[in-house]
Amino acid sequence: MSELLEKKDDLIRYFEDGGKPRAQWRVGTEYEKVVVRNSDGTAIPYSGAGGVEDLLRRMANDYGFEPEDEHGHILALKGERAAITLEPGGQIELSGEQCESIHCAYDEFATHVQQLIEVTGQIGASVLGLAMQPVSRIDQIELLPKARYHIMYPYMARVGKLGQRMMKQTAGVQANLDYSDERDAMRKLRVSMGIVPLLYAIFANSPLSDGGLNGYHSFRGHIWTDTDNQRSGIPEFVFRADCSFDDYAEYALDVPMYFLIRNHEYIDLTQPPGLTFRQYLERGHGRERATVEDWTNHLTTIFTEVRLKKYVEIRTADSQPPQFMLALPALLKGMLYDDDCLAGAWDLVKGWSYRERREIADAAHKNGLDARAGKIKLQELGYELMQIAAKGLERQRALNKNGQDESIYLLRLMDLVRSGHSQASFVISRWKGEWNYDIDRLVKGCAYGAEPIL
């Protein structure tokens with residue numbers, strides 16, 4: 001039985017317990033990817049031959065993963081140090097181990113990519129280096145048979161226009177970084193929230209959906225603006241200089257709950273009038289009383305661009321082709337784990353008002369690196385941010401066996417941004433040009449393949 005929670009101080013202590021000395025700081029990365037049929041570019045289903053469950057079963061058989069099931073359905077694979085999980089529309093996610101360096105993350109991701117290429121090849125499918133399903137509409141994508149998602153899916157239709165798209169069609173790459181104490185956590189939260197528009201511009205990679213161009217460089221980013229505004233976006237309170245664990249707890253307390261989990265079964269809490277965690281903490285739900293495990297689960301249902309758990313989780317970036325996927329954790333490690341670089345990154349964005357932050361983020365969704373903050377293009381600010389991060393990685397001097405520091409994982413993307421391009425601008429250009437609006441060429445052009453990750 002998980003420890004009971006009695007008052008708000010218990011919730012704040014939860015975050016305090018996440019603090020670690022610098023020597024124990026790690027980086028964890030989560031890589032979501034869309035998988036499609038080679039024949040027509042549509043999303044592979046969850047069930048049946050050639051589906052996601054078939055894919056997981058093959059990976060378990062070929063590579064020694066341990067299947068994890070829910071009511072007889074395989075929904076995850078447990079590895080020695082990392083896990084493979086699924087998003088609601090069957091997107092494949094590698095939940096990486098806690099790594100001391102990006103070199104460690106590179107090794108596990110490169111292995112994962114090779115395994116995926118092998119197994120998808122067996123079922124006539126491909127993993128695409130895109131952040132959205134390019135062809136299948138939401139009603140054509142099978143919802144995973146997972147109780148959590150069957151609670152969330154109808155609720156999404158009640159609280160926003162695009163939440164079901166978020167669940168079934170989109171893929172991102174996320175990085176989790178540690179903090180030492182409350183002051184350090186809130187500073188990292190503030191700066192990470194501050195650079196959200198730059199991350200959207202740099203990593204924009206979702207210009208195609210429903211079979212054609214959608215008018216955005218990061219349509220995935222736009223989707224989050226109309227998913228569930230009670231738990232999403234960029235909260236204003238994080239930009240206060242005195243922002244604290246108490247403020248984050250206050251915010252999370254008033255977010256409506258999705259569910260409770262008891263004896264591995266989900267109790268649906270989404271029916272009106274709904275129940276906030278504050279109400280649950282005060283009076284319980286039936287015979288159930290709030291526990292630490294309930295608070296942990298509740299924090300996973302907060303979908304702000306950056307969220308606080310016992311670490312800082314940055315959730316903004318669109319999924320990338322393999323050779324650019326590690327740039328996100330590299331950028332954030334370089335920036336957040338060096339005090340001077342953290343200050344330098346904040347200098348780039350600290351002058352924006354809260355209204356400007358939201359407007360610039362919206363512009364980044366629409367126009368990527370061509371969007372502007374005042375008179376300055378986000379391309380210029382994004383490249384400067386990457387230079388700051390690269391300097392941080394050089395100073396941290398985590399070297400691989402060839403004596404290279406972690407800035408090597410940023411260099412290709414830095415060259416791309418310096419040239420004024422993101423993945424989105426390349427995809428748009430190729431779709432109109434060499435691919436000539438042809439799905440088969442799109443799939444071949446975006447599929448994970450032989451090109452080296454580094």
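If you're wondering where the values come from, they're calculated on a predicted model, not measured in any experiment.
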Using a 4.5 Å cut-off on heavy atoms from C-beta on, say whether the side chain of [Y] contacts that of [X].
X: Leu369; Y: His421; answer: no
X: Gln122; Y: Asp62; answer: yes
X: Phe65; Y: Ile74; answer: no
X: Tyr311; Y: Lys20; answer: no

Please check: side-chain N/O of [X] versus main-chain N/O of [Y], any donor-acceptor pairing under 3.5 Å?
X: Asp254; Y: Gln230; value: no
X: Glu118; Y: Leu116; value: no
X: Glu384; Y: Leu348; value: no
X: Glu87; Y: Glu93; value: no
X: Tyr248; Y: Leu308; value: yes
X: Arg37; Y: Gly124; value: no
X: Glu406; Y: Ser101; value: no
X: Ser192; Y: Leu189; value: no
X: Gln320; Y: Phe203; value: yes
X: Asp69; Y: His73; value: no

Work out which heavy atom in [X] is nearest to a heavy atom in [Y]; give both atom names and the distance.
X: Ser407; Y: Glu394; value: OG-CG, 4.0 Å
X: Pro329; Y: Ala175; value: CA-CB, 4.1 Å
X: Trp295; Y: Ala252; value: CH2-CB, 3.5 Å

Check the pair Tyr216, Asn367 against side chain to side chain contact (heavy atoms under 4.5 Å, CB included), reporting the backbone distance first and the verdict last. CA-CA 6 Å; Tyr216 288 82; Asn367 299 313; over 6 Å; no
Could you check Thr316, Thr170, Asp318 and say which one makes a side-chain hydrogen bond (donor to acceptor under 3.5 Å, both in side chains) with Arg220?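 Among Thr316, Thr170, Asp318, the one meeting side-chain hydrogen bond (donor to acceptor under 3.5 Å, both in side chains) with Arg220 is Asp318.
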Sort out for me which residue in Lys146, Glu142, Glu53 forms a side-chain hydrogen bond (donor to acceptor under 3.5 Å, both in side chains) with Tyr46.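 The passing option is Glu53.
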Looking at Tyr155, Tyr266, Phe277, which one forms a ring pair (Phe, Tyr, Trp, His ring centres under 6.0 Å) with Tyr258?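 It is Tyr155, the one option of Tyr155, Tyr266, Phe277 that forms the ring pair (Phe, Tyr, Trp, His ring centres under 6.0 Å) with Tyr258.
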Between [atom1] of [X] and [atom2] of [Y], what distance do you get to the nearest 0.5 Å?
X: Ile302; Y: Glu313; atom1: CD1; atom2: CD; value: 11.0 Å
X: Leu199; Y: Leu328; atom1: CG; atom2: CG; value: 6.5 Å
X: Leu381; Y: Ile202; atom1: CG; atom2: CD1; value: 9.5 Å
X: Met414; Y: Ser419; atom1: CE; atom2: OG; value: 12.5 Å
X: Ile223; Y: Arg165; atom1: CD1; atom2: CZ; value: 6.0 Å
X: His217; Y: Ile428; atom1: NE2; atom2: CD1; value: 4.0 Å

Within 45° cone and under 6.0 Å: [X] NZ/CZ vs [Y] ring:
X: Arg358; Y: Trp352; result: no
X: Arg430; Y: Phe426; result: yes
X: Lys188; Y: Trp346; result: no

Do [X] and [Y] have side-chain atoms, one donor and one acceptor, less than 3.5 Å apart?
X: Asn176; Y: Gln98; result: no
X: Ser319; Y: Glu32; result: no
X: Asn297; Y: Thr300; result: no
X: Gln396; Y: Lys333; result: yes

Take Arg22 and Asp339 through the test salt bridge (Lys or Arg N to Asp or Glu O under 4.0 Å) and record every step on the way to the result. CA-CA 12 Å; Arg22 182 179 285 264; Asp339 289 341; 3.7 Å; yes
Pair [X] + [Y]: basic N to acidic O under 4.0 Å:
X: Arg418; Y: Asp415; value: yes
X: Arg81; Y: Glu97; value: yes
X: Arg148; Y: Asp268; value: no

Residue pair Tyr337, Asp178: steps toward the side chain to side chain contact (heavy atoms under 4.5 Å, CB included) verdict: CA-CA 9 Å; Tyr337 284 180; Asp178 291 314; 3.6 Å; yes
Ring centroid separation Tyr409 to His103 under 6.0 Å: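 Under 6.0 Å, so yes.
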Taking the six-membered ring for Trp, are His365 and Tyr200 closer than 6.0 Å centroid to centroid? yes
Test Val119 against Tyr63 for side chain to side chain contact (heavy atoms under 4.5 Å, CB included), laying out the working first. CA-CA 10 Å; Val119 175; Tyr63 302 112; 3.8 Å; yes
Could you go through residues 126-139 and list every donor-acceptor pair under 3.5 Å that involves a side-chain atom there, pairing it with any protein atom two or more places apart or in another chain?
| from | atom 1 | to | atom 2 | distance (Å) |
| --- | --- | --- | --- | --- |
| Ser126 | OG | Asn38 | OD1 | 2.5 |
| Gln133 | NE2 | Val35 | O | 3.3 |
| Ser136 | OG | Ala43 | N | 2.9 |

[atom1] ([X]) with more than 12 external heavy atoms under 6.0 Å:
X: Arg355; atom1: CZ; value: no
X: Lys310; atom1: NZ; value: yes
X: Glu80; atom1: CD; value: no
X: Lys309; atom1: NZ; value: yes

Does Cys104 have any disulfide bond (SG atoms under 2.5 Å apart) partners at least two apart in sequence or in another chain, and if so, which?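 If we apply the disulfide bond (SG atoms under 2.5 Å apart) test to Cys104, skipping adjacent residues, the hits are Cys99.
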Step-by-step salt bridge (Lys or Arg N to Asp or Glu O under 4.0 Å) determination, Asp440 to Lys444: CA-CA 6 Å; Asp440 184 57; Lys444 287 184 171 67; 2.9 Å; yes
Show your working on side chain to side chain contact (heavy atoms under 4.5 Å, CB included) between Ile234 and Phe239 and close with a plain yes or no. CA-CA 10 Å; Ile234 306 173; Phe239 297 109; 3.6 Å; yes
Between Ser244 and Asp247, does the side-chain hydrogen bond (donor to acceptor under 3.5 Å, both in side chains) criterion hold? Intermediate values first, please. CA-CA 5 Å; Ser244 64; Asp247 292 306; 3.1 Å; yes
For Glu30, which residues count as a salt bridge (charged side-chain N to carboxylate O under 4.0 Å, His left out) partner, sequence neighbours excluded?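 Checked Glu30 against salt bridge (charged side-chain N to carboxylate O under 4.0 Å, His left out); zero matches.
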